[in-house]
There are 2 protein chains.
Amino acid sequence: MTLRGIGGEFGVSMTPAREAVRRLAAEGALFLSSSGRVTTPELTNERIEELAALRALLEVELASRALPRAHMALIDRLQTINSNVAEMVSKRDAVGYIRTNLEFHRTLYLRAQAPAMLAMAETVWLQLGPTMRALYGRLRRTDPPQNHRLIIAALKAGDEPGLRLAVRSDVTQGLRLLAG
Amino acid sequence: MTLRGIGGEFGVSMTPAREAVRRLAAEGALFLSSSGRVTTPELTNERIEELAALRALLEVELASRALPRAHMALIDRLQTINSNVAEMVSKRDAVGYIRTNLEFHRTLYLRAQAPAMLAMAETVWLQLGPTMRALYGRLRRTDPPQNHRLIIAALKAGDEPGLRLAVRSDVTQGLRLLAG
DNA sequence: CATCCGCTCATGTGATCACAAAATCTGGTG
DNA sequence: CACCAGATTTTGTGATCACATGAGCGGATG
């Protein structure tokens, strides 16, 4: 991966390519060697476990903060998104599944009114991107998103411990398969 | 704050200034308006509370992961750093205090062997930089860092709940003053 | 006197170029 | 055949420039 190559690939010069690369590196999605060479960070099991733990920490907190603000309209939207998730699963569309799945989470966390925390969660998602791709592309499961159901149920019931547990399970389950 | 101005201030051209600004913006330390204008993010109480909560989440986890790997040499180093912290407090050197205080935390968290998590914690520190500056510059206290003592004691005793509590208190106490 | 429109200037963006450093290739030697 | 030294090419960095866009200001109008 060279700056000139990336620039040429998108029809721009080196300058925007450099900025994009530097930004992605600042967010941890790319790795800059000491000589400025850009590589993709190696996906070791340790790193995946770490990022999964970060997801659990951040997203459980975000969900918990969203809970008191969650009203019926939000839950309806979550259920709509969740049906899209189920559709992607049944179509075995890995990238579509990842996109709608993250949309589900983001929609919930937006209610937490915690932009800095949400930004950090999205940074983690970005770093996990290639891993998720590898993971869900490999999965041949057609289960509907059971944990999402639990999340919605806990939201309806105002059950905070249940919500925390459901979010933690949802975030951790897939990645445990890959890293374990 | 203009790119040309920043560049001129450090004797470089626009290009490095732009990259630095973009990187800081990607890390949340600066805010880029839609037109590319760069401003310092407004330090509302909500934002400070959020960042303090992030510190608590991340650093409690980092300390907990460092605990089983903490041996005597590490504790000795922490005590040395802590005496430097106390010296900065007695000299009322706010920026020196912030630097040594963060060195104390970083030294402990390095043992957690969790580079991604540590990087996120450092990002939060960066975002809290101006706030810490304002906070500790205002503090006229000469107390020795009591919470650091508790952290070290918990490390020695292998007391994980105590360590979590001590770290949480240390991280939260100062910021609660400002945001409360 | 307030408000709105227009202009001017400052500012960010992206392209191109010169340069230095690193990597890769090549040829020779043990 | 392996390995090392020198040459060449590739690559990132930083500077400079042209251009479009948005901001700030001044004047005209109600």
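Only this structure's heavy atoms are used, side chains among them; waters, hydrogens and symmetry mates stay out. Letters A, B, ... mirror the listed sequences (proteins, then strands); counts begin at 1.
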### Considering all heavy atoms, the nearest Leu155(A)-Leu108(A) contact
CD1-CD1, 3.8 Å
### Query
Atom CG of Leu32(A) to atom P of dA22(C): distance rounded to whole Å?
15 Å
### Query
Taking only N and O in the side chain of Ser13(B), is any of them less than 4.0 Å away from OP1 or OP2 of dA15(D)?
yes
### Task
Specify the separation, in whole Å, of atom CD1 of Ile6(A) and atom P of dT13(D).
12 Å
### Message
Using whole Å, what does the distance between atom P of nucleotide dT11(D) and atom CE of Met1(A) come to?
### Response
13 Å
### Single-linkage hydrophobic cluster Leu32(A)~Val21(B), side-chain heavy atoms < 4.5 angstrom
no
### Query
If you measure from CG on Asn82(A) to CD1 on Ile152(A), what distance do you get to the nearest 0.5 Å?
4.5 Å
### Test item: Leu150(B) and Asp170(B) side chains (from C-beta on) under 4.5 Å apart, heavy atoms
no
### Task
Please examine the side chains of Ile75(B) and Lys156(B), heavy atoms only from C-beta on, and report whether any two atoms are closer than 4.5 Å.
yes
### Query
Met1(A) versus Arg37(A): any side-chain heavy-atom pair under 4.5 Å?
no
### Query
Do Thr107(A) and Glu103(A) touch side chain to side chain, with heavy atoms closer than 4.5 Å?
yes
### Message
Please give me the minimum heavy-atom distance between Leu102(A) and Arg55(A), naming the atom from each residue.
### Response
CD2-NH2, 4.4 Å
### Query
Where does the angle between the aromatic ring planes of Tyr109(A) and Trp125(A) fall among parallel (under 30°), tilted (30 to 60°) and perpendicular (over 60°)?
tilted
Is there any protein nitrogen or oxygen under 3.5 Å from a nitrogen or oxygen in nucleotides 17-19 of chain D, and what are the pairs?
none

### Query
Where the side chain of Leu3(A) is defined as all heavy atoms beyond and including C-beta, which of dG12(C), dT13(D), dG22(D) is the nearest nucleotide?
dT13(D)
### Query
Taking for each residue the nucleotide of DNA chain C bearing the nearest heavy atom, is the 5' side occupied by Gly11(A) or by Ser35(A)?
Gly11(A)
### Rounded (10°) bend between the five-pair end axes of the helix from dC1(C)-dG30(D) to dG30(C)-dC1(D)
30°
### Summary
So, with a heavy-atom separation below 4.0 Å from DNA chain D, the residues of residues 15-26 of chain A are Arg18(A), Arg22(A)
### Query
Is there a side-chain contact between Met132(A) and Asn101(A), using heavy atoms and a 4.5 Å cut-off?
no
### Message
Donor-acceptor pair, distance only, cut-off 3.5 Å: does the side chain of Glu50(B) make one with the backbone of Ala116(A)?
### Response
yes
